[in-house]
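Every chain is numbered from 1, with letters handed out A, B, ... down the list of sequences.
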2 protein chains.
Amino acid sequence: MIDFISSPHLSINIFAFKTAGGCQQSPADWKTRGNKFMDKTIEDIAQKAGVSTATVSRVLNNKPDVNDETKKKIEKIIKEEDYMPNGIARGLAKNKTLTIGLIIPDISNPYFPEIVRGSENQSKKMGYSLIFCETQNNKKEEKRSIDLMRSKRVDGILLSLSKNNKQELIKLQEDQFPFVQIDRFIPEIQSSCVIINNVNAACKAVNYLIKKGHKKIAHVTGDLKTQTGIKRKEGYQKVIQENNLKIKNKWIKQGDYTKKSGYESMKSLLDLSEKPTAVYFANDLMALGGYKAAEEKNFKIPDNISIVGHDNIDIASLIKPALTTVAQPMYKLGIEAAKLLIKNINEKENDYRHKILSTKLIERESTAEVR
Amino acid sequence: MIDFISSPHLSINIFAFKTAGGCQQSPADWKTRGNKFMDKTIEDIAQKAGVSTATVSRVLNNKPDVNDETKKKIEKIIKEEDYMPNGIARGLAKNKTLTIGLIIPDISNPYFPEIVRGSENQSKKMGYSLIFCETQNNKKEEKRSIDLMRSKRVDGILLSLSKNNKQELIKLQEDQFPFVQIDRFIPEIQSSCVIINNVNAACKAVNYLIKKGHKKIAHVTGDLKTQTGIKRKEGYQKVIQENNLKIKNKWIKQGDYTKKSGYESMKSLLDLSEKPTAVYFANDLMALGGYKAAEEKNFKIPDNISIVGHDNIDIASLIKPALTTVAQPMYKLGIEAAKLLIKNINEKENDYRHKILSTKLIERESTAEVR
DNA sequence: CTGAAAGCGCTAACAC
DNA sequence: GTGTTAGCGCTTTCAG
């Protein structure tokens with residue numbers, strides 16, 4: 001504190017006697033200013049440099065047409081004074097905040113932190129910062145979050161909304177508010193998005209099993225109200241048909257992406273009289289549930305049953321046997337989404353781009369050749 | 001768009017001919033306004049209601065002294081027009097943004113997402129939103145992040161800085177800028193913090209092993225440049241001494257919280273001629289490394305060696321054998337930190353509070369009675 | 001190349 | 001109770 005108070009620039013500040021604003025607590029008759037932490041303003045710098053605020057603003061914003069000498073001088077003072085422009089004031093004046101919103105359902109789902117990391121890293125790199133909301137898949141929260149972001153005047157939003165909240169997206173669209181959908185794509189909405197090719201990903205998993213000699217392949221689907229769930233199932237069915245294997249409805253169990261649903265699906269699969277020799281789970285979490293069921297029923301993985309998951313969450317490589325799975329580039333998903341959004345923000349014309357990232361099968365220990 | 005353009009309030013808006021500001025792209029000679037998405041302003045509402053902006057502002061801020069009728073009328077119009085105050089303008093006028101910053105080293109470390117979730121949920125509940133930065137334990141990034149937050153005029157910061165970045169904290173402190181340290185506490189700094197009692201946590205782990213009959217207990221420490229590392233080791237030593245077991249230096253291996261260091265420490269422990277019967281790892285990740293080493297050396301857990309971890313990350317319950325560990329209330333850590341920060345923000349006097357949360361030993365399958 | 005001044009949307013004295 | 005007005009700190013015409 002001390003050095004601020006005795007700092008010379010304050011004593012010559014012509015605003016030193018302005019009304020104290022919201023800061024009534026400050027020592028009675030000291031020279032003070034409204035802003036809470038006595039932050040320096042562009043005025044202070046202008047005075048020190050003996051120029052107008054306009055000129056300081058020019059160098060702050062790298063505008064051309066400012067004398068090299070004055071520019072150097074101003075820059076020096078800015079550095080000396082450790083001045084930092086007030087982003088809020090700037091935001092108000094420029095009508096952009098260099099902030100983007102990120103709305104995801106659930107950060108404790110191991111799928112999302114990497115996405116967050118990707119978007120954070122990329123936004124930062126491009127000069128934006130991230131304001132973060134979690135919605136717990138709750139429709140009300142989703143609306144609240146979007147409203148919040150808009151009231152905070154973010155320049156755009158990255159979001160991953162629950163199944164049936166088109167409404168909010170439509171509103172954004174009508175207002176021409178920049179946004180990009182991550183991972184979960186609501187197809188009726190005309191917008192940019194970054195997703196993976198889920199059909200293709202599923203194909204990779206099932207083809208791999210077939211190459212290993214499996215002919216009886218089951219599938220535990222994801223939530224079939226989501227695109228990801230639907231598409232992965234589609235991929236599964238496609239490959240089965242292409243290889244002239246019969247699609248047994250008994251071998252398709254509907255899950256919902258929770259471990260529990262994986263557990264239960266696997267249990268009923270293993271209760272069948274004609275059991276599959278392999279099962280493809282629409283995500284790793286469910287596969288984990290499958291492990292538990294297999295263990296309880298004394299099925300050895302992969303000797304008695306092969307398992308393939310989807311996502312490649314951290315745990316996949318740590319459990320035993322390590323889980324063969326289809327890896328999604330989550331970090332990259334975050335990166336690309338941020339890139340796309342910022343591009344959309346800075347373009348006059350909104351043309352919508354769909355970025356589709358590729359997946360990769362990671363072979364581990366949960367799958368074996370069928371004898 | 002259509003309904004905005006034909007919306008009656010626009011046609012009577014006296015500001016309709018203001019300069020177009022940054023929005024030159026808008027259809028040439030239409031009535032337009034500077035702000036990007038033609039958002040309504042408090043002026044619009046005031047006009048519709050036939051009152052001054054001051055009055056609208058009053059109802060917006062729930063100030064007393066406004067006629068019930070006019071209040072109702074204004075509220076109705078606000079709802080009809082779907083008006084939402086501009087947070088940036090508000091921030092500038094009030095000198096507070098209702099935003100807090102969260103700075104953590106690494107969101108992909110499974111330890112942190114829960115903290116993020118906790119702070120997000122709690123801040124939201126208290127009317128604040130979160131702006132998020134990740135630093136990868138990089139000192140430069142830490143400074144950048146703090147500067148960023150300050151330039152965005154957050155009302156306070158939650159942070160978990162790397163070992164030796166006192167400097168930045170000291171600066172915050174000097175400026176009387178509200179902040180609270182999470183998990184990692186730099187003791188020389190006078191500030192609020194939310195941490196766990198690490199000595200006590202370690203005691204729980206080691207006492208438990210002793211109760212199980214173990215007399216030869218090793219410890220793989222965390223990074224000893226962190227408080228958490230130091231304190232856990234302290235706890236370990238304390239219990240060993242209290243129980244009159246000898247502290248063997250050979251049984252204390254210095255790790256750094258990475259899986260790899262756990263792996264290597266365990267390997268050298270198992271190479272000893274006098275092997276421990278149990279080892280307490282300062283975090284779960286290292287314990288995981290320990291699993292791998294044990295496996296390679298054909299030591300069965302828990303039959304040949306017992307293992308206790310620390311943190312209770314997700315994986316702990318999923319690996320086999322499931323890991324006995326000391327659980328930290330990470331979600332709660334996030335919650336309490338947010339509460340404390342917001343309290344600090346709204347208090348005139350900064351008195352610093354240390355909130356110390358308790359831990360809990362979770363017994364699973366990686367520990368056995370010693371014969 | 002630089003300065004004066006108007007404004008971004010809102011709040012908060014102060015007056016009536 | 002309500003309106004007037006002067007800011008909040010910065011950007012951006014428009015003159016010169």
Exercise. Quick one: which of C/dG7, D/dT2, C/dT11 gets closest to the side chain of A/A93?
Worked result: C/dG7
For this session: State which of D/dT2, C/dT2, C/dA4 makes the closest approach to the side chain of A/A54.
Result: C/dA4
Problem set entry | D/dG9 phosphate, OP1 or OP2, under 4.0 Å from A/Y83 side-chain N/O | no
Problem set entry | Touch class at under 4.0 angstrom, heavy-atom based, for B/V51 against every strand present | sugar-phosphate
Exercise. From A/L169 CG over to A/Q181 CD, what is the distance, rounded to the nearest 0.5 angstrom?
Worked result: 5.0 Å
Problem set entry | Rounded interatomic separation in angstrom, taking CG from B/N62 and P from C/dA12 | 13 Å
Problem set entry | Nearest listed nucleotide, side chain of A/R90, among C/dC10, D/dT11, C/dG3 | D/dT11
Exercise. A/N67 near the nucleic acid: base, sugar-phosphate alone, or nothing, with a heavy-atom cut-off under 4.0 Å?
Worked result: sugar-phosphate
For this session: May I ask you to check whether A/N67 and A/K73 show a side-chain donor-acceptor distance below 3.5 Å?
Result: no
Seminar exercise, completed: Taken to the nearest whole Å, CG/B/L92 to P/D/dA6 is 17 Å
Problem set entry | Per A/T53 side chain, nearest of listed nucleotides D/dT11, D/dT4, C/dT11 | D/dT11
For this session: Please say which of A/L340, A/I335, A/L158 ends up in a side-chain contact (heavy atoms from CB on, under 4.5 Å) with A/V194.
Result: A/L340
Problem set entry | Residue pair B/T99 / A/K152, side-chain donor-acceptor N/O under 3.5 Å | yes
For this session: Would you mind reading off the distance between B/D39 atom CG and C/dC8 atom P, rounded to a whole angstrom?
Result: 14 Å
For this session: Spell out, as yes or no, whether a donor-acceptor pair under 3.5 Å connects the side chain of A/S57 to the backbone of A/T53.
Result: no
Problem set entry | Minimum-distance nucleotide (side-chain atoms of A/N61 versus C/dT11, D/dG3, D/dT11) | D/dT11
Problem set entry | Out of C/dC14, D/dG1, C/dG9, whichever nucleotide has its closest atom nearest the side chain of B/N86 | C/dG9
Exercise. NZ of A/K96 versus P of C/dG9: gap in Å, rounded?
Worked result: 16 Å
For this session: Quickly work out the B/R58 CZ to C/dT11 C1' distance and round it to whole Å.
Result: 10 Å
Exercise. Counting N and O atoms only, with roles assigned by atom type, does the side chain of B/K40 sit under 3.5 Å from a partner on the main chain of B/E81, one being a donor and the other an acceptor?
Worked result: yes
For this session: Could you check how far CD1 of B/I88 sits from C1' of C/dT11, rounded to whole Å?
Result: 15 Å
For this session: Using heavy atoms to find the nearest nucleotide of DNA chain C for B/K63 and B/A89 separately, return the residue whose nucleotide is more 5′.
Result: B/A89
Seminar exercise, completed: Among the nucleotides D/dC10, D/dT11, C/dT11, whichever has the atom closest to the side chain of A/S57 is D/dT11
Exercise. Within the pair A/T41 and D/dG9, is there a side-chain N or O less than 4.0 Å away from OP1 or OP2?
Worked result: no
Problem set entry | Atom-to-atom span, CD of A/Q47 to P of D/dC10 - whole angstrom | 13 Å
Problem set entry | B/R153 (side chain) and D/dG9 (base): donor-acceptor pair under 3.5 Å | no
For this session: Please report, rounded to the nearest Å, how far the P atom of C/dC1 is from the CD1 atom of A/I74.
Result: 13 Å
Exercise. For the side chain of B/T70, counting heavy atoms from C-beta on, which of C/dT11, C/dA5, D/dT2 is nearest?
Worked result: D/dT2
Exercise. Side chain of A/T55: nearest nucleotide among D/dT2, C/dT2, D/dG7?
Worked result: C/dT2
